[in-house]
Novice: 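Take a look at this one; I'll ask things after.
No hydrogens, no waters, no symmetry mates; every other heavy atom, side chains included, goes into these values. Predicted, not measured: the structure shown is a model, and the values here were computed from it.
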Amino acid sequence: MISVDEALQLVLAHADVLPAVEAPLADALGLVLARDVASDLDSPPWDKAMVDGYAVQAADLASGHARLTILEEIVAGAVPTQSVRPGGATRIMTGAPTPDGCDAVVMVEQTSHHPGDGLGQVEINEVARAGQNILRRATALAQGDVALLAGKKLRAIEIGLLAEVGCVQAPVIPRPRVAVLSTGNELIPPSEIPGPGQIRNSNGPMLAAAVRELGASAIELGPARDELADLRQRVAEGLDANILVLSGGVSAGVLDLVPQVLAELGVEQVFHKIKLKPGKPLWFGVRRGRRPCLVFGLPGNPVSSLVCFQLFVRPAMASLAGQQGHGLTRVRARLASGFQHRGDRPTYHPAVFDSAGEAPTIEPLRWQGSADLFGLSLANALAHFPAGDRHYAAGESIEAVLL
């Protein structure tokens, strides 16, 4: 058996970033930019007013008071038709291009309008300074400047910036496609009442939801029976995805047929069994070729399955998607109460992490083992205890993985 760290390094060594695709902006949220994107125009594309008010010549307001003739009005979407001349002012709206001849914009709140010929006059009681309330052309970006660097994960604000610079098809790393297949003769749909020896299939919906929770595409293949023909058909379908996640059938029982079927379908085993509790039977392999597929055989018990998903599948998904940090958030926290650890394997124990106090704390939960999905449902973290029998005192600092 190999360690958790060794296993993770082997997984990541095979999790190459997926080839870039062009995605419409509506589909690019949460994806990673595959290459730099440059602006196709100056931003802003003209000198523009930053407030509603009047475009003036600052020299007219050197004394702090002036009554100026209103030359025209420019609303957003319109363009000036007259230059501002001494003694004149142009009423202007926020975002509109400033007219030639003006070097300042006075806020409307500092003015009063006087009706008269044409548009009337405006009285201003303010000393204006050159450049006031004007955003100059190309202040943010000049044409050809890089607006976003490759590797940036696209949030709503980046989607807006891409739209501004004319990038309507974003070069991105696509979402991984993850197929999920539960195995076992004992599995029945959640809608049915279990008979003797039967259990509801919780792993399939749980793992598919975990995939979607990370922003990837989940392909649910349904439960497969512990029969070679059924397994071959379902596994072959799953190998069309970027990742195939199986639960069950990877231990050493008579009906643990998954490794055999995977080998028949050209999947090379990288490792089988790790020093981990829960999750010892984990199997990992790779189908190489034009469309490679990473294959994870997770243990059938639901807690083991989810722990292995978090520790290994999640980082692989992040790596394929070009994300930094491999998707895991590890923290240090002080034990809220004492804990007795027993076992020759490192344990990831369901726990509650609390960062509200002076220092973060973690409280291991009462947990009945790898089949106790209810116990795991109360957790927001996994407390990590290294191998070996030991009592941990309240207040000791340990590592945890946030769920």
Novice: Can we say E22 and R35 salt-bridge, meaning some charged N sits less than 4.0 Å from an Asp/Glu carboxylate O?
Specialist: yes

Novice: Tell me which pairs pass salt bridge (charged side-chain N to carboxylate O under 4.0 Å, His left out) where either residue lies in residues 317-331, with sequence neighbours left out.
Specialist: R330-E399

Novice: Applying ring pair (Phe, Tyr, Trp, His ring centres under 6.0 Å), name anything that partners F271, two or more places apart in sequence or on another chain.
Specialist: F284

Novice: Within a 6.0 Å radius of atom CD on E192, are there more than 12 heavy atoms belonging to other residues, nucleotides or ligands?
Specialist: yes

Novice: Return yes if some donor-acceptor pair links the side-chain N/O of N133 with the main-chain N/O of M50 below 3.5 Å, else return no.
Specialist: no

Novice: Show every ring-ring contact (aromatic ring centres under 6.0 Å, His included) that has at least one partner inside residues 19-73, sequence neighbours left out.
Specialist: none

Novice: Indicate the atoms forming the closest heavy-atom contact of G64 with V127, along with that distance.
Specialist: CA-CG2, 3.5 Å

Novice: Report the distance from atom CD of Q169 to atom CG of D27, rounding to the nearest 0.5 Å.
Specialist: 9.0 Å

Novice: Just how far is it from atom NZ of K153 to atom CD of Q324, taken to the nearest 0.5 Å?
Specialist: 11.0 Å

Novice: Could you walk me through whether H14 and E268 pass the side-chain contact (heavy atoms from CB on, under 4.5 Å) check?
Specialist: CA-CA 12 Å; H14 292 87; E268 301 173 20; over 6 Å; no

Novice: Are I362 and V352 packed together at the side-chain level, in the sense that at least one heavy-atom pair is separated by less than 4.5 angstrom?
Specialist: no

Novice: Give a yes or no answer on whether the side chain of T183 reaches the backbone of S247 with a donor-acceptor pair at less than 3.5 Å.
Specialist: yes

Novice: Could you report the tightest heavy-atom contact between L33 and L149, atom names first, then the distance?
Specialist: CD2-O, 3.7 Å

Novice: Under 6.0 Å from the CZ atom of R345, do we count more than 12 heavy atoms belonging to anything else shown?
Specialist: yes

Novice: Please test V84 against D100 for side-chain contact (heavy atoms from CB on, under 4.5 Å), starting from the C-alpha separation and ending with a verdict.
Specialist: CA-CA 6 Å; V84 173; D100 291 340; over 6 Å; no

Novice: Is the shortest heavy-atom distance from the side chain of V401 to the side chain of H384 under 4.5 Å?
Specialist: no

Novice: State whether a side-chain donor-acceptor pair under 3.5 Å links S182 with N201.
Specialist: yes

Novice: Got P176 and V211 here, is their nearest side-chain heavy-atom distance under 4.5 Å?
Specialist: no

Novice: Could you grab the distance from atom CG of L61 to atom CD of Q110, nearest 0.5 Å is fine?
Specialist: 11.0 Å

Novice: Stepwise, does the side-chain contact (heavy atoms from CB on, under 4.5 Å) test hold for V172 with V21?
Specialist: CA-CA 6 Å; V172 293; V21 298; 4.0 Å; yes

Novice: How long is the straight-line distance from OG1 of T361 back to CD1 of I398, given to the nearest 0.5 Å?
Specialist: 10.5 Å

Novice: Can you give me the closest heavy-atom contact between L376 and P350, atom names plus distance?
Specialist: CD1-CG, 3.8 Å

Novice: Quick check: does any side chain N or O of N185 sit under 3.5 Å from a backbone N or O of D226, one acting as donor and the other as acceptor?
Specialist: yes

Novice: Using only heavy-atom distances, determine whether the side chains of E237 and Q233 contain a donor-acceptor pair under 3.5 Å.
Specialist: no

Novice: Side chains of L228 and Q260: does their closest heavy-atom pair fall under 4.5 Å?
Specialist: yes

Novice: Mind jotting down which residue pairs meet the salt bridge (charged side-chain N to carboxylate O under 4.0 Å, His left out) criterion with at least one end in residues 198-223? Sequence neighbours excluded, please.
Specialist: R212-E220

Novice: Counting C-beta onward and ignoring hydrogens, is there a side-chain heavy-atom pair between I134 and C102 closer than 4.5 Å?
Specialist: yes

Novice: Just wondering, do H349 and H341 contact through their side chains at under 4.5 Å, heavy atoms?
Specialist: no

Novice: Please identify each residue that fulfils ring pair (Phe, Tyr, Trp, His ring centres under 6.0 Å) with Y392, with sequence neighbours left out.
Specialist: F385

Novice: Before you tell me yes or no, could you show the steps for R137 and D47 under salt bridge (Lys or Arg N to Asp or Glu O under 4.0 Å), namely the whole-Å CA-CA distance, both residues' side-chain angles and the distance that decides it to 0.1 Å?
Specialist: CA-CA 5 Å; R137 176 175 181 167; D47 293 353; over 6 Å; no

Novice: Distance-only criterion, 3.5 Å: show the donor-acceptor pairs between side-chain atoms of residues 302-316 and protein atoms not counting sequence neighbours.
Specialist:
unit_1, atom_1, unit_2, atom_2, d
S305, OG, P299, O, 3.3
Q310, OE1, R314, NH1, 2.9
R314, NE, G327, O, 2.7
R314, NH2, G327, O, 3.2

Novice: If only atom types and distance count, is the side chain of E72 paired as donor or acceptor with the main-chain N or O of Q82 below 3.5 Å?
Specialist: yes

Novice: Please check this pair: side chain of R334 against backbone of G395, looking for a donor-acceptor N/O pair closer than 3.5 Å.
Specialist: yes

Novice: Does a side-chain heavy-atom distance below 4.5 Å link R287 with L265?
Specialist: no

Novice: Could you tell me whether a side-chain N or O of R225 sits under 3.5 Å from a main-chain N or O of A229, the two making a donor and an acceptor?
Specialist: no

Novice: If you look at every heavy atom in K48 and T98, which pair is closest and at what distance?
Specialist: C-CG2, 3.8 Å

Novice: Is it the case that the side chain of D42 and the backbone of Q143 share a donor-acceptor pair, with hydrogens and angles ignored and the cut-off at 3.5 Å?
Specialist: yes

Novice: I need the N380 CG to L402 CG distance, nearest 0.5 Å.
Specialist: 7.0 Å

Novice: Using every non-hydrogen atom in the two residues, find where G204 and V180 come nearest and quote the distance to one decimal.
Specialist: O-CG1, 3.9 Å

Novice: Answer yes or no: is there a donor N or O on one side and an acceptor on the other, between the side chain of D36 and the main chain of A150, under 3.5 Å?
Specialist: yes

Novice: Using modelled atom types and a 3.5 Å cut-off, is there a donor and acceptor pairing between side-chain atoms of S370 and backbone atoms of N301?
Specialist: no

Novice: Quick one: pull up CG in L335 and OG in S397 and give me the separation to the nearest 0.5 Å.
Specialist: 8.5 Å

Novice: Would L246 and W283 satisfy side-chain contact (heavy atoms from CB on, under 4.5 Å), going step by step from the backbone distance to the final call?
Specialist: CA-CA 9 Å; L246 302 109; W283 191 100; over 6 Å; no

Novice: Quick one: does R234's side chain have a donor or acceptor within less than 3.5 Å of a partner on L221's backbone?
Specialist: yes

Novice: Check whether any side-chain heavy atom of L207 lies under 4.5 Å from a side-chain heavy atom of L298, and answer yes or no.
Specialist: yes

Novice: Testing the basics here: between A147 and V165, what is the closest heavy-atom pair and its distance to 0.1 Å?
Specialist: CB-CG1, 4.0 Å

